[in-house]
Amino acid sequence: MTKNDTTKPTNFIHQIIEEDLKNGANDGKVVTRFPPEPNGYLHIGHAKSICLNFGTALKYGGQCNLRFDDTNPEKESQEYIDSIVSDVRWLGFEWSGDIRYTSDYFDTLYEWAVHLIKEGKAYVDSLSAHEMREYRGTLTEPGKNSPYRERSVEENLDLFAKMRDGAFDEGECVLRAKIDMAAANINLRDPVIYRVRKAHHHQSGDKWCIYPSYDFAHGQSDALEGVTHSICTLEFEDHRPLYDWFVANLPVPVTPRQYEFARLNLNYTVTSKRKLKLLVDENKVNGWNDPRMPTISGLRRRGYTPASIRNFCDMIGVTRSNGIVDMGMLEAAVREDLDTNAPRAMCVLDPIKLTIINQPEGEQEWFELPAHPKDESMGVRKVPFTRNLLIEREDFAQEPPKKWKRLAPGQAVRLRGAYVVRCEEVIRDANGEVVELKASFDPETKGANPTDYKPNGVIHWVSADNSVPCEVRAYDRLFTEANPDGDKERDFHEFINPESLVVYPRAHVEIGLKHAAVESRYQFERQGYFCVDPDTTESRMVFNRTVGLRDSWAKIQAK
Ligand code: ATP
Ligand code: MG
């Protein structure tokens, strides 16, 4: 991606920035940040925020920081940090300078808390959490002042130092900003700015046993980094007056501004780190990067490309109105990318033997097929036509329905890119199960249509003698309900799609894919888009289905 990329779609935040640039605000600088809390893996909602923050900086030749908002040590971990760093890079973005951490600013934040105390704008409160809630009032009633609100500056300085030195237990006291207990906006009713937390921190170790609140840390970190446009989701709109209050009452070097946009909600999935963590912890999925998860790492393993996710984010746009985006849009984005860029291959998922009786054992005729029907530059692939072939079990019908386009007793179909074959005999086992089909090929049909009969259609196939046995994991949507979170009576777990993973252990893919690298993507003709899973070993390849060829979901649901 290049700087000043003016091809990117515009949005209301860009309009604000253009206005700022015109007025010479922020010395003409545009600085944004992406501020994840390292308490889980990133999901598709975060991709929207990443594309917006990094994309905006790119568009205006500015900078975007990656900052870990790490003020909740108990819930955070290095594993999450590492995954986030790798996901942002994979999406194609690079942050400005080093990775930053809110914990880098703990010393300054502490000094700024002391500054507020000295100004008479913060106090140590010794109410219990329960009492604090009672004193806070409600949306319709004002709160009441805490009896500790008028502690002297000296007493507050002394108590806050003791908090820092570990003299108090968790919950015994907190530091609060002294704003207005009668404010209509509850966030301004003396919000907590520091809590005692006797927790080891993944970055600052055991240096601190008090930690700043999100509200106290966020805007100040923005200011310390010179962030000009602090872009967050709409639920922080009510926090903006507090954001501005801190910035106005502290000796900050610059004045950042907060702007809110609507978060991405996607149907047929959940986008909350807490709920995704439950799915992982309860083994409903195989880890954060399970290909059914809406996490970036799950989408990556599923076969999504970074470009498809970025295009999806461009397509949905950035607004201030909440809505639900259809999963079909995300799927369409990857389908579009892979249709253009994925080479074609043939893979039989659920095979049945097709023996070509007029092709001698041991003989191999190689057919050349284009790697891509519309892109010659991708070259050709070679597939061997041998005596023992495999076709899809569902491509054969003993008693074909009308307009059957596949194989049936006595009927002829073309094997994709090779000959037309006619089914001569059906072999069954003792239970009556079809175990093998015998067919003859028509040597006149190499690159030509037969003149005296019409084959039913075209089916895919592979050589049983010379192909790669593999496992195919056909993934589908994780939930059967569009809004798995929307039922008050029933928990989202109840809507997990029992068919979200169907494994085909006996699949065979054409020989050319034998050494395909992990993550390489293909269109399996007539099946959909697939990629090589990292579970692949020397002796066993594993493919994941990214998405089918067409959006069949809507139709299935309508049945
Ligand atoms: P979750 O609710 O999943 O835990 P979060 O908001 O707590 O998400 P953070 O790590 O704090 O997660 O998010 C980092 C940034 O990503 C924030 O600026 C947040 O507003 C943004 N973000 C999170 N979820 C979404 C979403 N669904 N759509 C757009 N932006 C999001
Ligand atoms: Mg958050």
Side-chain angles (χ1 to χ4, degrees), residues 11-13 31-57 64-73 75-77 79-85 87-88 91 93 95 99-103 213-215 217-219 221-222 225 227 229-240 243 256-281 288 293-299 309-310 312-325 327 329-330 483-485 492:
N11 58 51
F12 77 95
I13 289 180
V31 183
T32 59
R33 85 287 169 265
F34 174 62
E37 206 179 323
N39 60 352
Y41 281 57
L42 297 181
H43 53 63
I44 184 70
H46 294 110
K48 178 176 180 179
S49 174
I50 291 170
C51 289
L52 176 58
N53 279 296
F54 285 93
T56 298
C64 180
N65 299 345
L66 173 61
R67 182 205 312 148
F68 286 101
D69 200 349
D70 55 347
T71 56
N72 260 321
K75 295 199 168 156
E76 300 164 1
S77 75
E79 177 196 346
Y80 296 143
I81 292 177
D82 295 342
S83 74
I84 291 169
V85 166
D87 287 349
V88 173
L91 277 175
F93 297 105
W95 44 92
I99 293 173
R100 297 149 208 257
Y101 296 85
T102 298
S103 54
S213 63
Y214 170 89
D215 285 315
H218 202 89
S221 303
D222 286 341
E225 292 178 7
V227 168
H229 299 80
S230 177
I231 307 170
C232 63
T233 37
L234 275 175
E235 66 272 23
F236 292 102
E237 185 172 17
D238 289 346
H239 294 240
R240 186 172 359 117
Y243 185 104
R257 293 261 173 252
Q258 175 183 304
Y259 301 94
E260 309 88 20
F261 70 101
R263 59 193 293 127
L264 166 65
N265 300 305
L266 201 57
N267 64 10
Y268 294 102
T269 192
V270 290
T271 44
S272 141
K273 276 185 276 182
R274 193 179 60 76
K275 292 192 178 124
L276 295 174
K277 186 168 188 307
L278 278 178
L279 293 172
V280 173
D281 292 346
W288 284 96
M293 293 280 272
T295 50
I296 310 279
S297 52
L299 291 167
I309 296 176
R310 292 194 306 262
F312 167 74
C313 291
D314 285 348
M315 253 151 56
I316 58 176
V318 177
T319 68
R320 281 180 56 88
S321 48
N322 276 312
I324 296 175
V325 173
M327 178 65 95
M329 258 175 101
L330 181 61
N483 185 2
D485 246 351
F492 72 100

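This is a predicted model, so every value here is computed, not measured. Order of listing sets the numbers, starting from 1, for every ligand and every atom in it.
Taking distance alone, with nitrogen or oxygen atoms compared against 3.5 Å, Cys232 stays at or beyond that limit from ligand 1. Considering backbone and side-chain N/O of Arg263, one or more are found under 3.5 Å from N/O of ligand 1. Checking only distances, Ser272 never comes within under 3.5 Å of ligand 1, N or O to N or O. Considering backbone and side-chain atoms together, Glu37 places an N or O closer than 3.5 Å to an N or O of ligand 1. For the pair Asn39 and ligand 1, the shortest N or O to N or O distance does not fall below 3.5 Å. In terms of polar-atom proximity, Arg33 is not counted as a contact of ligand 1, lacking any N or O under 3.5 Å from an N or O of the ligand.
Salt-bridge check for Glu225 with Arg33: failed, with every basic side-chain N at 4.0 Å or more from each acidic carboxylate O. A salt bridge links Arg320 with Glu237: at least one charged nitrogen is closer than 4.0 Å to a carboxylate oxygen.
Aromatic ring pairs are classed by plane angle as parallel below 30°, tilted from 30° to 60° and perpendicular above 60°; the pair Trp288 and Tyr41 is parallel.
Within the 4.5 Å cutoff, side-chain heavy atoms of Val280 are placed close to those of Met293. Using a 4.5 Å cut-off on side-chain heavy atoms (C-beta onward), Tyr243 and Pro256 make contact.
Neither the backbone nor the side chain of Arg274 comes within 4.0 Å of ligand 1, counting heavy atoms alone. Only the side chain of Phe34 comes within contact range of ligand 1, with a heavy atom under 4.0 Å; no backbone atom does.
Of all atoms in ligand 1, listed by their number and element, those nearer than 4.0 Å to a heavy atom of Thr233 are 19 (C), 20 (O), 29 (C), 30 (N), 31 (C). The ligand atoms of ligand 1 that sit less than 4.0 angstrom from a heavy atom of Phe261 are 29 (C), 30 (N).
Counting only distance, with no hydrogens or angles, the side chain of Asp70 and the backbone of Ser103 share a donor-acceptor pair below 3.5 Å.
Looking at Ser77 and Glu79, their side chains never bring a donor and an acceptor atom within 3.5 Å of each other.
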